[in-house]
K.L.:
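Below you'll find the structure I mean.
Chain naming here is simple, since letters A, B, ... match the order of the sequence lines and numbering starts at 1 in each. Any value given below was found using the heavy atoms of this structure, including those in side chains, with hydrogens, waters and symmetry copies removed.
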Amino acid sequence: MTDAAPTARAPRLAAELLDWYDRHARAMPWRTGPAARADGVRPDPYRVWLSEIMLQQTTVAAVKPYFEAFTARWPTVSDLAAAADADVMAAWAGLGYYARARNLLKCARAVAETHDGVFPDSHDALLSLPGVGPYTAAAVSAIAFDRPETVVDGNVERVMARLHDEHTPLPAAKPILTEHARALTPPVRPGDYAQAVMDLGATICTPRNPACGLCPWRTDCAAWAAGTAPELPKKAPKKVKPTRHGIAYLARRVDGAWLLETRPETGLLGGMLGWPGTDWVSRDAALPDDAPPIRAEWRTLSEEARHTFTHFHLRLTLRVALVPMDRAPCRGEFIPAPEFRPADLPTLMRKAFDLARPR
DNA sequence: AAGGCGTGGCA
DNA sequence: TTGCCAAGCCT
């Protein structure tokens, strides 16, 4: 009984959103144009998958140049599967969440080796691949293969919370919002619908200052009627970030080579290049001992490198040295100047380099 | 199952 | 300056 009205309006809402999408869809490097779409041309699953991995917790603006660089250098999933780990990590440097890059390679190799270089089209097969969770499996299946899967990302959660004026805080509200999203997913053009509802969240139903006056769903939106749209979705309170401290050692050999090391595969900045250094500890713990990676005359810079990660602030003391030739480090290895590109470093390490580089 | 895991833009 | 936020996944 009470379900009849919302269920009946679902096809109309989907049709209205698709109409809005046809008029307002933004061009993106991983999308096919309207003309191709009308001819039934689907986007390349490799490009859809790559874009979805890059877009996890990351803005479109940040992703675009990385997507262009990756697809130019590795045009197919088999090309990517054959790449050297260090090359892929260096190409990902600056984009963050580096476990994505490690899993990207694992996934590319799994597709190349066990799927003959062809992406599977089903949600379940996609879900079994490294780095592919419920959202990405649904997105690739819907967008690349036009399967009627329900995508639920942060945008969809926000749109559903507002459409239904749902005040239960996230993450507890997730199952409710997922069910609302599932009830609206249409059997026609599910791939376009998936992108449309995310675009709506990204451009109209935004976290702050939503443009409700431009929203195709305004007259059906419970939060619009209640005036509560800007305060939804509710979220559990954040914890305060502690501050940690450590030391990084930037050694430049007289021939211009820099002493770097590849960080362990797991953990923070896993698999990325970085400056040798101490552990990072909170100030109420004993500060780490000075432990330089090579014997030299070390000098401490007056300015610390400051950086904020997901769950803590870091203040990194920088120690620099100019070291003679023929002196072996106990950690890391010297990278000759012609091969060293600061852009291959994660942002924290690049900040440290910018403070320590000779002027 | 709650916490680890980056970064840059914006108010 | 600070906090919040973005097309999540893994353990």
Side-chain angles (χ1 to χ4, degrees), chain A residues 25-26 28-31 47-67 89 92-104 106-107 126-140 142-144 149-159 170-172 174-175 178 181 191 193-203 205-210 230-231 233-244 263-272 274 280 306-314 343 345-351:
Chain A
R26 298 170 296 167
M28 300 202 195
W30 46 87
R31 285 184 174 169
R47 295 168 66 90
V48 173
W49 161 77
L50 178 61
S51 70
E52 291 299 340
I53 300 297
M54 288 183 165
L55 285 164
Q56 289 170 7
Q57 302 287 285
T58 309
T59 59
V60 168
V63 163
K64 275 183 178 169
Y66 286 85
F67 180 84
M89 299 312 288
W92 195 277
L95 199 54
Y97 284 129
Y98 298 98
R100 294 184 296 173
R102 301 193 298 273
N103 285 329
L104 187 82
K106 286 184 197 160
C107 183
L126 288 161
L127 189 59
S128 72
L129 294 168
V132 176
Y135 163 76
T136 304
V140 173
I143 297 169
E149 301 289 344
T150 300
V151 300
V152 183
D153 69 342
N155 288 306
V156 177
E157 289 176 351
R158 184 170 59 255
V159 170
L170 286 168
K174 174 106 179 172
T178 298
Y193 175 84
Q195 294 173 91
V197 66
M198 290 190 285
D199 265 23
L200 185 72
T203 64
C205 196
T206 49
R208 289 176 296 224
N209 303 317
E231 66 193 64
K234 300 287 191 185
K235 295 194 176 181
K238 312 272 187 225
K239 294 177 179 170
V240 297
K241 292 186 208 287
T243 298
R244 296 184 191 173
R263 297 172 59 83
E265 276 296 300
T266 56
L268 195 68
L269 307 180
M272 299 300 292
W280 304 337
R306 295 186 179 203
H307 193 72
T308 298
F309 293 100
T310 312
H311 52 296
F312 65 93
H313 304 288
L314 178 66
L345 300 176
T347 298
L348 164 67
M349 302 299 175
R350 191 176 42 70
K351 281 183 186 176

K.L.:
What residues form a ring-ring contact (aromatic ring centres under 6.0 Å, His included) with A:Phe309, not counting sequence neighbours?
P.N.:
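Scan of A:Phe309 (ring-ring contact (aromatic ring centres under 6.0 Å, His included), adjacent residues dropped) gives A:Trp280, A:His307, A:Phe312.
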K.L.:
For nucleotides 4-11 of chain B, give me one character per nucleotide, 5' to 3': B if any protein heavy atom sits under 4.0 Å from the base, S if the only such contacts are to the sugar-phosphate, - if neither.
P.N.:
SBBBS---
K.L.:
Using only side-chain N and O atoms of A:Arg158, determine if any of them is under 4.0 Å from OP1 or OP2 of C:dA6.
P.N.:
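Answer yes for this pair, as a side-chain N or O of A:Arg158 is under 4.0 Å from OP1 or OP2.
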K.L.:
Just to verify, what does A:Asn103 make a side-chain hydrogen bond (donor to acceptor under 3.5 Å, both in side chains) with, not counting sequence neighbours?
P.N.:
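Testing A:Asn103 for side-chain hydrogen bond (donor to acceptor under 3.5 Å, both in side chains), a comparison that skips the adjacent residues, returns none.
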K.L.:
Partners of A:Gln56 by side-chain hydrogen bond (donor to acceptor under 3.5 Å, both in side chains), sequence neighbours excluded?
P.N.:
A:Thr136
K.L.:
For A:Val132, answer base if it contacts any base atom (sugar-phosphate contacts may also be present), sugar-phosphate if it contacts only those atoms, and nothing otherwise; contact means non-hydrogen atoms under 4.0 Å.
P.N.:
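Counting heavy atoms under 4.0 Å across all strands, the contact made by A:Val132 is with sugar-phosphate only.
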K.L.:
Tell me the salt bridge (Lys or Arg N to Asp or Glu O under 4.0 Å) pairs involving residues 94-104 of chain A, sequence neighbours left out?
P.N.:
none
K.L.:
Would you tell me if any nitrogen or oxygen in the side chain of A:Lys174 comes within less than 4.0 Å of OP1 or OP2 on B:dA2?
P.N.:
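Indeed not, no polar side-chain atom of A:Lys174 lies that close.
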K.L.:
Looking at A:Lys238, I'd like to know whether one of its side-chain N or O atoms comes within less than 4.0 Å of OP1 or OP2 on C:dC5.
P.N.:
yes
K.L.:
Between B:dG3, C:dC10, C:dC5, which nucleotide gets closest to the side-chain atoms of A:Asn103?
P.N.:
C:dC10
K.L.:
For A:Lys241, answer base if it contacts any base atom (sugar-phosphate contacts may also be present), sugar-phosphate if it contacts only those atoms, and nothing otherwise; contact means non-hydrogen atoms under 4.0 Å.
P.N.:
nothing
K.L.:
Give A:Arg26 one of three labels, base, sugar-phosphate or nothing, depending on what nucleic acid heavy atoms sit under 4.0 Å from its own.
P.N.:
base
K.L.:
Taking side-chain hydrogen bond (donor to acceptor under 3.5 Å, both in side chains) as the definition, give me every residue that meets it alongside A:Lys234, ordered by chain and number, with sequence neighbours left out.
P.N.:
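Partners of A:Lys234 under the side-chain hydrogen bond (donor to acceptor under 3.5 Å, both in side chains) test: A:Glu231.
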K.L.:
If you look at every strand shown and take non-hydrogen atoms under 4.0 Å, does A:Met28 touch a base, only sugar-phosphate, or nothing?
P.N.:
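It contacts base atoms.
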